[in-house]
2 protein chains.
Amino acid sequence: MERVNKMPKQTFFNLEPERREKIIAAAVDEFARHPFEQASLTRIVENCGIAKGSMYQYFADKLDLYLYIVELAYERKRDYVGRAFALQADIFSVLEEYYRQSFQFSRDYPSLNQVTNNYWNSRAQVLSGALEEGRLNRAEEFGRFLSEAMESGEVNADLNSEAVFFTYHAVGRTLIDYFDKDIDDDFVKQVLDVLRFGLQRRGEGK
Amino acid sequence: MERVNKMPKQTFFNLEPERREKIIAAAVDEFARHPFEQASLTRIVENCGIAKGSMYQYFADKLDLYLYIVELAYERKRDYVGRAFALQADIFSVLEEYYRQSFQFSRDYPSLNQVTNNYWNSRAQVLSGALEEGRLNRAEEFGRFLSEAMESGEVNADLNSEAVFFTYHAVGRTLIDYFDKDIDDDFVKQVLDVLRFGLQRRGEGK
DNA sequence: GTAGCATATGACTGGGTGGTCACATCGTTT
DNA sequence: AAACGATGTGACCACCCAGTCATATGCTAC
């Protein structure tokens, strides 16, 4: 997720807020509708009534703009969703809360949500490094979270923790991808229950 | 997955097999490297030494060619992987065998595998109808398979069967997406175990 | 008023795209 | 050999793209 050496130029931050917001809105919309490679700078400038040349006063190139927008979407989402991890509760409640927030975010800010979805689904060569790094960061966070739950005995310690992350990551990403379809809170809960209880029938208890 | 009114023209099937194969190989390669929208017909014809105009003797347009190639890849894969469902065994063995075969297929025919991956990950508007239909077909198949296993008592009947399909579909798709990375048979097994046993620690038994 | 700097602009460049079409080539039938 | 239908061809068309640059505009300072 981190950018290395690129940023909007200072000029961009000197802009009147109204103008800046128009640019951001048009860019978010475009990157929500199209993955990076198919997104069109020409369309963006048309939709916000800014000259093409001006864009290059603010951003080095299309990739620079894209990464700025992705980071912005990511930060907004983290602010919105982060609360879940703050609450001191069992791992299943935390996960449920996390996806509930995530779901709510996608309803409140569908475009921002689509921007991040497109980013994670991206196969563009230029992005693969950053994507891999982002995935590793998340895996690490999740790993810490998980091993606590294994030590406390909430979680089946026989499982391979990388495999657990992989599974949750896959399901979470797909869920969020489907948020704009016709699913609801209850379906999210049921999917999480599949992961929680497992497909195989459990022994006598209950 | 089904095409409605489009097909390679007869001319294509009249071709000398060698020529036909060259075209298919170049197209498979291109659609493995790029999603539909970014794939380039110009590159395909360059790579197989066929005139651009000739392509339009065989296929109505780029989409027609694409759907032909996708279907071809899909059929090859089904032939390869289908055996798993033939074997009369418990659901977990069948699923394990299915993903094992799937994994093997991706090793033997990486390009064909990539073509289908790109297809399922595709967001192109023209494809959304066919994608949805394909997903429904698979959901139905899986649903029948699953309800048998619920009746026989192998599977936890408390679970919502749509949610189970959703979960397996998400994980399966992501696994297959990762087949070209550095994972092995054992990792696949461990992921399937997460789905089978669930994250929550099980009661006394073992 | 005028010098100087930051910013705004859109016509333009070079390159890529899917798709077309007038013409060439070939095999078969007459 | 002539005529005909089926097939092969690549130059060409209209369109879209990211990025550039000479010029214009506005603001500040003197």
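Between A:Y119 and A:Y66, the two ring planes are tilted [angle within 30° to 60°].
In the displayed structure, A:R201 atom CZ is contacted under 6.0 Å by at most 12 heavy atoms of other residues, nucleotides or ligands. Atom CZ of A:R43 sits in a crowded spot, with more than 12 heavy atoms from other residues, nucleotides or ligands closer than 6.0 Å. Taking a 6.0 Å sphere around OH of A:Y178, one finds it holds more than 12 heavy atoms contributed by other residues, nucleotides or ligands.
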List the steps, then state whether ring pair (Phe, Tyr, Trp, His ring centres under 6.0 Å) holds for B:Y99 with B:F103.
-> CA-CA 6 Å; B:Y99 285 107; B:F103 184 50; over 10 Å; no

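For the ring-ring contact (aromatic ring centres under 6.0 Å, His included) test, residues two or more places apart in sequence or in another chain that qualify with A:F85 are A:Y98, A:F145.
Using modelled atom types and a 3.5 Å distance limit, the side chains of A:D64 and A:Y58 yield no donor-acceptor pair. Residues A:Q10 and A:N14 bring a donor and an acceptor atom of their side chains to less than 3.5 Å of each other.
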For DNA chain C, the dot-bracket pattern of Watson-Crick and G-U pairs whose distances stay under 3.5 Å, | for other-strand partners = ||||||||||||||||||||||||||||||

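Using a 4.0 Å heavy-atom cutoff across all strands shown, B:Y58 reaches sugar-phosphate atoms only and no base atom.
In this structure, OH on A:Y68 lies 8.5 Å from CE on A:M7, to the nearest 0.5 angstrom.
Both tests hold for B:K62 against B:F36: distance to the six-membered ring centre under 6.0 Å, angle to the ring axis within 45°.
The existence of a salt bridge linking A:D193 and A:K189 is confirmed by a sub-4.0 Å separation between a basic side-chain nitrogen and an acidic carboxylate oxygen. Using a 4.0 Å cut-off between charged side-chain N and carboxylate O, A:E96 and A:R100 make a salt bridge.
Rounding to whole angstrom units, CD of residue A:E46 and P of C:dT9 are separated by 14 Å.
Along DNA chain D, the stretch of nucleotides lying under 4.0 Å from any heavy atom of chain B spans, 5' to 3', D:dT7 to D:dG10.
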Output side-chain donor-acceptor pairs under 3.5 Å for residues 121-129 of chain A, partner residues at least two apart or in another chain, one line each.
unit_1	atom_1	unit_2	atom_2	d
A:N121	OD1	A:R173	NH1	2.5
A:N121	ND2	A:N117	O	3.3
A:N121	ND2	A:D177	OD1	3.4
A:N121	ND2	A:D177	OD2	3.3
A:S122	OG	A:A124	N	3.3
A:R123	NH2	B:D177	OD1	3.3
A:R123	NH2	B:D177	OD2	2.8
A:S128	OG	A:Q125	O	3.0

For nucleotides 15-23 of chain C, just jot down a letter per nucleotide in 5' to 3' order: B, S or -, based on protein non-hydrogen atoms under 4.0 Å.
-> --SBBBB--

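Residues of residues 14-32 of chain A that place a heavy atom closer than 4.0 Å to DNA chain D do not occur.
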